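Note that the structure is predicted; figures quoted are calculated from it, not measured. We use all heavy atoms of the structure for the numbers below, so side chains are in, but hydrogens, waters and symmetry mates are not.
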Amino acid sequence: QVQLVESGGGLVQPGGSLRLSCAASISAFSAYIMKWYRQAAGKQRELVATIFSSGNTNYPDSVKGRFTISRDNAKNTVFLQMSSLKPEDTAVYYCAAQVTPWGNPQYWGQGTQVTVSS
């Protein structure tokens with residue numbers, strides 16, 4: 001059984017920071033491409049961060065410079081460090097995993113709510 005469990009979501013004021021964690025009970029974790037997605041109310045799900053098995057990362061312009069994805073392969077955990085948060089960052093954040101650089105993630109977490117509001 002493969003399981004991804006996100007944690008660290010919550011309420012934060014604009015300009016604040018938050019770190020999300022994703023604990024992966026998955027074999028050969030270091031071989032997986034790990035991703036963070038988010039879905040805001042009434043909007044489509046969007047990819048916000050990718051980290052490859054090589055350690056290379058990708059971000060869309062909407063979060064570049066504010067979000068940092070990282071991984072600890074010894075702990076089978078991926079992180080999303082978010083700073084300078086904006087109300088438009090409010091969404092449910094999902095961790096996802098896939099082995100190949102093509103196609104879509106095979107595994108998804110249940111999501112964790114991030115609310116940016118004063």
Side-chain angles (χ1 to χ4, degrees):
Q1 180 181 333
V2 173
Q3 188 173 43
L4 306 178
V5 180
E6 302 96 334
S7 62
L11 176 65
V12 63
Q13 293 193 356
S17 298
L18 208 60
R19 189 174 81 154
L20 306 182
S21 298
C22 173
S25 60
I26 189 169
S27 180
F29 172 79
S30 63
Y32 280 82
I33 299 167
M34 302 299 297
K35 299 178 174 179
W36 286 97
Y37 290 81
R38 68 184 181 189
Q39 187 166 29
K43 299 184 68 176
Q44 294 182 338
R45 185 167 56 205
E46 65 171 328
L47 177 65
V48 297
T50 303
I51 185 164
F52 298 90
S53 58
S54 65
N56 288 341
T57 58
N58 279 326
Y59 308 91
D61 289 341
S62 59
V63 307
K64 191 173 297 182
R66 300 188 299 118
F67 289 14
T68 301
I69 187 172
S70 61
R71 65 195 300 161
D72 186 339
N73 289 335
K75 293 181 168 61
N76 280 24
T77 303
V78 62
F79 304 96
L80 185 67
Q81 178 67 50
M82 304 181 292
S83 62
S84 301
L85 284 163
K86 307 172 181 179
E88 50 263 46
D89 295 320
T90 296
V92 177
Y93 283 72
Y94 298 91
C95 177
Q98 65 189 78
V99 173
T100 61
W102 59 85
N104 298 118
Q106 295 98 332
Y107 309 111
W108 294 81
Q110 83 290 347
T112 186
Q113 176 72 47
V114 172
T115 302
V116 184
S117 177
S118 59

Exercise for the section: Using atom types as modelled and distance alone, determine if a side-chain donor or acceptor of Thr68 lies under 3.5 Å from a backbone N or O of Gln81. Expected result: no
Completion exercise
Correct closest heavy-atom pair for Leu18 and Gly10 would be CD2-N, 4.0 Å
Problem - Partner residues of Asn73 under the side-chain hydrogen bond (donor to acceptor under 3.5 Å, both in side chains) criterion, sequence neighbours left out - result: Arg71
Practice task
Output the distance between atom CG (Asn76) and atom CE (Met34), rounded to the nearest 0.5 Å.
Solution key: 9.0 Å
Fill in the blank from the handout: When rounded to the nearest 0.5 Å, the distance separating OG of Ser117 from CG of Asp89 is 12.5 Å
Exercise for the section: Dump the intermediate steps for side chain to side chain contact (heavy atoms under 4.5 Å, CB included) on Val114 and Met82, then the final yes or no. Expected result: CA-CA 10 Å; Val114 172; Met82 304 181 292; 3.9 Å; yes
Exercise for the section: Measure the CD1-OH distance between Ile26 and Tyr32 for me, rounded to the nearest 0.5 Å. Expected result: 3.5 Å
Problem - Mutual orientation of the aromatic rings belonging to Trp108 and Tyr94 [parallel < 30°, tilted 30-60°, perpendicular > 60°] - result: perpendicular
Practice task
Would you please test Ser62 and Arg38 for side chain to side chain contact (heavy atoms under 4.5 Å, CB included) and show each step?
Solution key: CA-CA 12 Å; Ser62 59; Arg38 68 184 181 189; 4.0 Å; yes
Completion exercise
Between Lys35 and Thr50, the two heavy atoms sitting closest are CG-OG1, 3.8 Å
Exercise for the section: Share the residues that join Phe79 in a hydrophobic cluster, the rule being Ile, Leu, Val, Met, Phe, Trp or Tyr side chains under 4.5 Å apart at the heavy-atom level. Expected result: none
Problem - Polar side-chain atom of Ser25 near backbone of Val2 as donor-acceptor pair, under 3.5 Å - result: no
Problem - Which atom of Ala91 lies closest to which atom of Ala40, heavy atoms considered - result: CB-N, 3.6 Å
Problem - Residues Asp61 and Lys64 bridged, charged N to O under 4.0 Å - result: yes
Completion exercise
Here the gap from Leu80 atom CG to Tyr37 atom OH, rounded to the nearest 0.5 Å, amounts to 13.5 Å
Completion exercise
On a heavy-atom basis, the closest approach of Ser84 and Ser17 is N-OG, 4.4 Å
Exercise for the section: Would you kindly confirm whether Val12 and Leu20 end up in one hydrophobic cluster when ILVMFWY residues are joined by side chain heavy atoms under 4.5 Å apart? Expected result: yes
Exercise for the section: Run through the side-chain heavy atoms of Ile, Leu, Val, Met, Phe, Trp and Tyr, join any pair under 4.5 Å, and report what else lands in Ile33's cluster. Expected result: Phe52
Handout entry: Phe67 and Trp36, any side-chain heavy atoms less than 4.5 Å apart
Key = no
Practice task
Return the minimal non-hydrogen interatomic distance between Pro105 and Ala96, and the atom names on each side.
Solution key: CB-CB, 3.6 Å
Exercise for the section: Evaluate the criterion side chain to side chain contact (heavy atoms under 4.5 Å, CB included) for residue pair Ser7 and Thr112; output intermediate values, then yes/no. Expected result: CA-CA 6 Å; Ser7 62; Thr112 186; 5.8 Å; no
Practice task
State, yes or no, whether a side-chain contact exists between Gln113 and Thr90 at a heavy-atom distance under 4.5 Å.
Solution key: yes
Handout entry: Side-chain donor/acceptor of Glu6 to backbone N/O of Gln110, under 3.5 Å
Key = yes
Exercise for the section: Check step by step if side chain to side chain contact (heavy atoms under 4.5 Å, CB included) holds for Ile69 and Val78. Expected result: CA-CA 7 Å; Ile69 187 172; Val78 62; 3.8 Å; yes
Problem - Smallest separation among heavy atoms of Gly111 and Val92, with atom names - result: CA-CG1, 3.8 Å
Exercise for the section: Say whether Leu47 and Tyr59 are linked into one hydrophobic cluster, either directly or through other cluster members, by side-chain heavy-atom distances under 4.5 angstrom. Expected result: no
